[in-house]
Amino acid sequence: MFSIKNHKVDINPWESAKKKLEIAAKEIDMDPNTLSYLNKTERSLVVSIPVIMDDGRLVNFEGFRCHHSTIRGPAKGGIRYSSDVTLDEIKALAFLMTMKNALLNLPLGGSKGGVRVDPHKVSKKELERITRRYTAEIINIIGPDIDIPAPDMGTDEQIMAWIFDTYSMQKGRPVPGVVTGKPTEIGGSVGRTGAVGTGMSYIVYEFCKRKDLDLKSMNIAIQGFGKVGKEIGKKLYDYGCNIIGVSDSKGGIYNPNGLEINDLIRFKNHENSVRDFDSNGGMKLNNEELIALECDMLCPCATENQLYSGNAESVNCRIILEGANSPTTSKADEIFESKDIIVIPDILANSGGVIISYFEYIQDIQSYFWDLDRINREMQHVLLDTFDVVYRVSKERNVSLRTAAYMIAGQRLAKAHELRGLFP
Ligand code: GLU
């Protein structure tokens, strides 16, 4: 028995995130004052969320909302519900949103929020009360021109709908632009569900085209089979890839002849673990074994710090496509570089979600909604332009795709910092 655990005991995600910027900052000769500015979160709010549970007990949940930077626009980033979320993890994820939004050249800063709760262990009514009270506690630091939350691990459309409603009730008018990832019936955008997987599929397609790699002959392993893992699994399967291994928090399966991904998704959607799926003569395996599978591409789609100094040497693929945020520590990055494993970094690979969130936000503000064709076309445009510049910088400067992505984002942030200057 194993679990996809967060190796956060020995790795501080916030320190690891800053290390990645430090490497890029050297490459672009970033002013040390700017680096020092970016090494801090603008504001972090820690709140207590008292909630009466269904059995009458009062439980205090802990919640966070961090704005890492608003230098390029209002802060933007998801809200995560998880039983082991910490302030440093939220800070690191907020920082990643700053880098992601700057890389995509969206007029947005970076933020993240979280509540320490396992959403599967509370009732729907309890979840609603937690969400509404959390929203009330952070109400002064969110809003369409301040900070716009969205879904992340453990949160969904329904939770976004409750945030929208709670915020609007307090303001006395509907404010759909306060949150993205809402249901389409109340100001959500078409294409937001599945956006991360769609974006990843555009990126991987383009990457393979440039590298002259045939997607149809690729063997793939996917770690984590939640929203993102399922989405990218389906897209890669439709491209003709051979998905040989998949895992979730309870265990994994392996079949070198390939897994029937649509059946596996149906099976998983019925609250099953992938390890109990009939893999047609395949075998069960654990998380570390899945990570070490010999394959062309490994897709870490679970959570942070899954690929770290303790297991990076065992990774046996040519390409890592990061579906999760920050699945690779800075130490593991060094090991992958030395092994010539190419990492397609999170802030590029999984950025389809925030791109469509941005589209949702502007549609809400304009009260004018686009169709799916336009959404996908415009997303593809943003993603492929971004991919192109990251790929070119990486070639020209002989740096990893991650360092190239951070260099581009870092330059844009430094320019904004220079133009705005420091108050007072
Ligand atoms: N939580 C998602 C991410 O990590 C989306 C954020 C957003 O849509 O604002 O990119």
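Numbering starts at 1 and runs along the sequence shown. Both ligands and their constituent atoms are indexed starting at 1 by order of listing.
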When you look at R266 and D263, which way does the salt bridge (charged side-chain N to carboxylate O under 4.0 Å, His left out) test go after all the steps? CA-CA 5 Å; R266 263 192 295 279; D263 293 347; 2.7 Å; yes

Under 4.0 Å between a side-chain nitrogen and a carboxylate oxygen: does that hold for K227 and D156? no

Side-chain ion pair, D54 and K125, N-O less than 4.0 Å: no

Between R397, K26, E27, which is the residue that forms a side-chain contact (heavy atoms from CB on, under 4.5 Å) with T403? E27

Pairs of nitrogen or oxygen atoms, one from ligand 1 and one from the protein, closer than 3.5 Å: please tabulate them with distances.
{"from": "ligand 1", "atom 1": "1 (N)", "to": "P151", "atom 2": "O", "distance (Å)": "3.0"}
{"from": "ligand 1", "atom 1": "1 (N)", "to": "D152", "atom 2": "OD1", "distance (Å)": "2.8"}
{"from": "ligand 1", "atom 1": "4 (O)", "to": "K100", "atom 2": "NZ", "distance (Å)": "3.3"}
{"from": "ligand 1", "atom 1": "4 (O)", "to": "K112", "atom 2": "NZ", "distance (Å)": "3.2"}
{"from": "ligand 1", "atom 1": "4 (O)", "to": "N325", "atom 2": "ND2", "distance (Å)": "2.9"}
{"from": "ligand 1", "atom 1": "8 (O)", "to": "R192", "atom 2": "NH2", "distance (Å)": "3.2"}
{"from": "ligand 1", "atom 1": "8 (O)", "to": "S357", "atom 2": "OG", "distance (Å)": "2.5"}
{"from": "ligand 1", "atom 1": "9 (O)", "to": "K76", "atom 2": "NZ", "distance (Å)": "2.8"}
{"from": "ligand 1", "atom 1": "10 (O)", "to": "K100", "atom 2": "NZ", "distance (Å)": "2.7"}

Atom of I375, atom of S189 and distance for their closest heavy-atom approach: CD1-OG, 3.3 Å

So which atom in L383 and which in G199 form the shortest heavy-atom distance, rounded to 0.1 Å? CD1-CA, 3.4 Å

